[in-house]
Each structure stands twice: as C-alpha cells, then as structure tokens.
Amino acid sequence: MTPATPRLQRIADLQQRARDRAAASLVTARKGVQVAQGQLSELQRYAEEYDARPLAQSVWQIQARRAFAERLSAARQQQQQRIARAERQALQAQLDFQRAHTQAQSLSRAAERQRQQLQHDRDRRQQASDDDRSLGTVVAWAAGG
C-alpha cells in the first residue's frame with residue numbers, strides 16, 4: 001500500500017487479513033473435531049478389545065474389570081462431550097469466517113468502485129486540461145500568434 005492508496009482499499013486489505021485469520025481458525029477448529037473423533041474411535045476400539053478378553057475367574061478380578069469398564073465408559077462420555085464442544089467451536093468458526101468473508105467481499109467491491117471513480121475523475125481532469133491546452137493553442141493561432 002502506498003500513501004496514495006485510497007482509504008477504503010486499506011480498510012478492505014485489513015478485512016482480507018481478518019478473513020484469512022478466520023479461515024485459519026476454521027481449519028484449526030475442524031482439525032480439533034477430527035482429532036477428538038479419532039480419540040473417541042480409539043477409546044471405542046480399546047473398549048471392544050477389552051470386552052473381548054476372557055472373563056475373569058475371581059471376584060476381585062470381576063470387580064476390577066467392572067470398575068475399569070466403568071472408567072472406560074466415563075472416558076468415552078467425556079470424549080463425546082469434547083467432540084460436541086469442538087463441533088460447536090467449529091460451527092462458530094464457520095460463522096465467523098462467513099461473516100468475515102462477506103465483509104471482505106463487500107469492502108473489496110466498494111474499494112474497486114472507489115478506485116474506478118478516482119480513475120474516472122483523474123481521466124476527466126486530464127481531458128479537461130488537454131482541452132484547455134488545445135483551446136489555448138487554437139485561440140493563439142486564430143489571433144495570429
């Protein structure tokens with residue numbers, strides 16, 4: 001950006017950066033959901049493997065197995081809560097990105113219209129200046145100069 005860059009373009013550029021940050025947050029949030037889902041899958045796989053083991057022989061083994069199965073079930077429930085929280089965060093990140101994207105597009109279009117208007121104004125001034133110079137040449141020629 002140069003000092004001659006219209007103010008609206010500078011604002012549009014800043015909004016583009018905000019959109020890029022929102023996009024990065026969205027990617028991070030989606031990865032968070034995937035990681036949490038992967039961890040739940042691992043917990044479920046482990047629980048299935050644990051359930052497939054031969055049954056315990058003694059009372060204390062049965063109690064220990066039941067206690068471990070309950071802890072494993074609690075861990076799966078906590079992981080499901082983490083997934084739900086990560087999904088809410090991803091949804092919020094999606095909304096934030098959409099808002100930032102819409103704002104960036106609007107500002108970019110407005111900045112482009114401003115740039116075109118400024119160029120049009122410069123062209124008109126240049127044309128007026130050229131017309132004044134050529135009129136001065138015609139007047140001087142008509143006056144015999």
Side-chain angles (χ1 to χ4, degrees), residues 1-140:
M1 277 184 291
T2 65
T5 303
R7 182 181 194 143
L8 197 51
Q9 183 60 51
R10 290 191 295 264
I11 294 170
D13 291 343
L14 290 173
Q15 185 58 42
Q16 284 286 357
R17 286 190 215 122
R19 183 191 61 87
D20 293 345
R21 284 190 304 275
S25 293
L26 177 57
V27 168
T28 300
R30 285 183 177 166
K31 284 181 183 177
V33 170
Q34 290 174 342
V35 167
Q37 288 172 337
Q39 290 171 341
L40 179 60
S41 294
E42 285 296 312
L43 279 171
Q44 288 172 332
R45 184 187 58 75
Y46 182 73
E48 289 169 5
E49 288 176 5
Y50 189 75
D51 289 342
R53 290 182 181 172
L55 294 176
Q57 301 296 321
S58 68
V59 174
W60 73 267
Q61 288 175 328
I62 293 171
Q63 289 174 338
R65 185 180 177 103
R66 186 176 301 140
F68 183 74
E70 288 173 2
R71 286 194 306 269
L72 195 53
S73 177
R76 289 190 329 216
Q77 288 175 344
Q78 287 176 345
Q79 192 61 32
Q80 288 171 337
Q81 292 171 350
R82 285 186 190 112
I83 290 170
R85 192 170 38 254
E87 287 174 338
R88 285 191 303 274
Q89 290 172 343
L91 179 60
Q92 185 60 50
Q94 175 72 33
L95 294 173
D96 292 344
F97 170 73
Q98 288 173 339
R99 188 176 313 112
H101 180 68
T102 300
Q103 290 173 346
Q105 281 183 321
S106 296
L107 282 169
S108 182
R109 285 191 300 266
E112 179 60 22
R113 284 192 301 271
Q114 182 185 44
R115 187 194 63 73
Q116 289 173 349
Q117 184 62 43
L118 290 171
Q119 184 61 44
H120 178 73
D121 292 346
R122 280 191 291 269
D123 292 346
R124 287 182 57 193
R125 281 193 302 275
Q126 183 63 43
Q127 185 63 46
S129 175
D130 292 347
D131 290 348
D132 287 347
R133 260 186 266 132
S134 40
L135 181 60
T137 303
V138 169
V139 168

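These numbers come from the heavy atoms of this one structure, side chains and all, not from hydrogens, waters or symmetry mates.
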Asks: Tell me yes or no: between the side chains of D20 and Q16, is some donor less than 3.5 Å from an acceptor?
Replies: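 No, because no side-chain N or O of D20 sits under 3.5 Å from a partner of the opposite role on Q16.
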Asks: I want to check something: taking the side chain as every heavy atom from C-beta on, are H120 and Q117 in contact at a cut-off of under 4.5 Å?
Replies: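 Sidechains of Q117 and H120: in contact.
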Asks: E112 vs R115, test: side chain to side chain contact (heavy atoms under 4.5 Å, CB included). Steps then yes/no.
Replies: CA-CA 5 Å; E112 179 60 22; R115 187 194 63 73; 2.5 Å; yes
Asks: Got a salt bridge between R99 and D96, using NZ or NE/NH1/NH2 to carboxylate O under 4.0 Å?
Replies: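 Counted as a salt bridge, because a side-chain N and a carboxylate O are separated by less than 4.0 Å.
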Asks: Say you draw a straight line from CZ of R71 to CD of Q78; how long is it, rounded to the nearest 0.5 Å?
Replies: 12.5 Å
Asks: Side chains of E70 and R66: does their closest heavy-atom pair fall under 4.5 Å?
Replies: yes
Asks: Has the side chain of S73 got a donor or acceptor atom that lies under 3.5 Å from a matching backbone atom of A69?
Replies: no
Asks: I'd like a table of donor-acceptor pairs (distance under 3.5 Å, sequence neighbours excluded) in which one partner is a side-chain atom from residues 25-37, with atom names and distances.
Replies:
| unit_1 | atom_1 | unit_2 | atom_2 | d |
| --- | --- | --- | --- | --- |
| S25 | OG | R21 | O | 3.2 |
| T28 | OG1 | A24 | O | 3.0 |
| R30 | NH2 | Q94 | OE1 | 2.6 |

Asks: Got a second to check how far Q114's CD is from L118's CG, nearest 0.5 Å?
Replies: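 Separation between the atoms: 5.0 Å.
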Asks: So which atom in F97 and which in A22 form the shortest heavy-atom distance, rounded to 0.1 Å?
Replies: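 So the minimum-distance heavy-atom pair works out to CA-CB, 3.8 Å.
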Asks: Report the residues that fulfil ring pair (Phe, Tyr, Trp, His ring centres under 6.0 Å) with Y50, sequence neighbours left out, ordered by chain and then residue number.
Replies: F68
Asks: Checking R113 against Q116: is there a side-chain donor and acceptor pair closer than 3.5 Å?
Replies: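 The answer is no; no qualifying pair exists.
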Asks: Is the count of non-hydrogen atoms from other residues, nucleotides or ligands lying under 6.0 Å from R122 atom CZ greater than 12?
Replies: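 Check passes, neighbour count above 12.
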Asks: Would you kindly say whether D123 and Q127 are connected by a side-chain donor-acceptor distance under 3.5 Å?
Replies: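 Q127 and D123 do not have a side-chain donor-acceptor pair below 3.5 Å.
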Asks: If you measure from CD on Q119 to CD on Q126, what distance do you get to the nearest 0.5 Å?
Replies: 10.5 Å
Asks: Using 0.5 Å steps for rounding, measure from the CD atom of Q44 to the CD atom of E42.
Replies: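 If we round to the nearest 0.5 Å, Q44:CD and E42:CD are 10.0 Å apart.
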Asks: Identify the heavy atoms of R76 and A47 that sit nearest to each other, and give their distance.
Replies: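 Reported closest heavy-atom pair: NH1-CB, 2.9 Å.
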Asks: May I ask you to decide if T102's main-chain N or O and S106's side chain share a donor-acceptor pair within less than 3.5 Å?
Replies: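 Such a contact is found between S106 side chain and T102 backbone.
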Asks: Take Q103 and R19 through the side chain to side chain contact (heavy atoms under 4.5 Å, CB included) test and state the conclusion after the steps.
Replies: CA-CA 8 Å; Q103 290 173 346; R19 183 191 61 87; over 6 Å; no
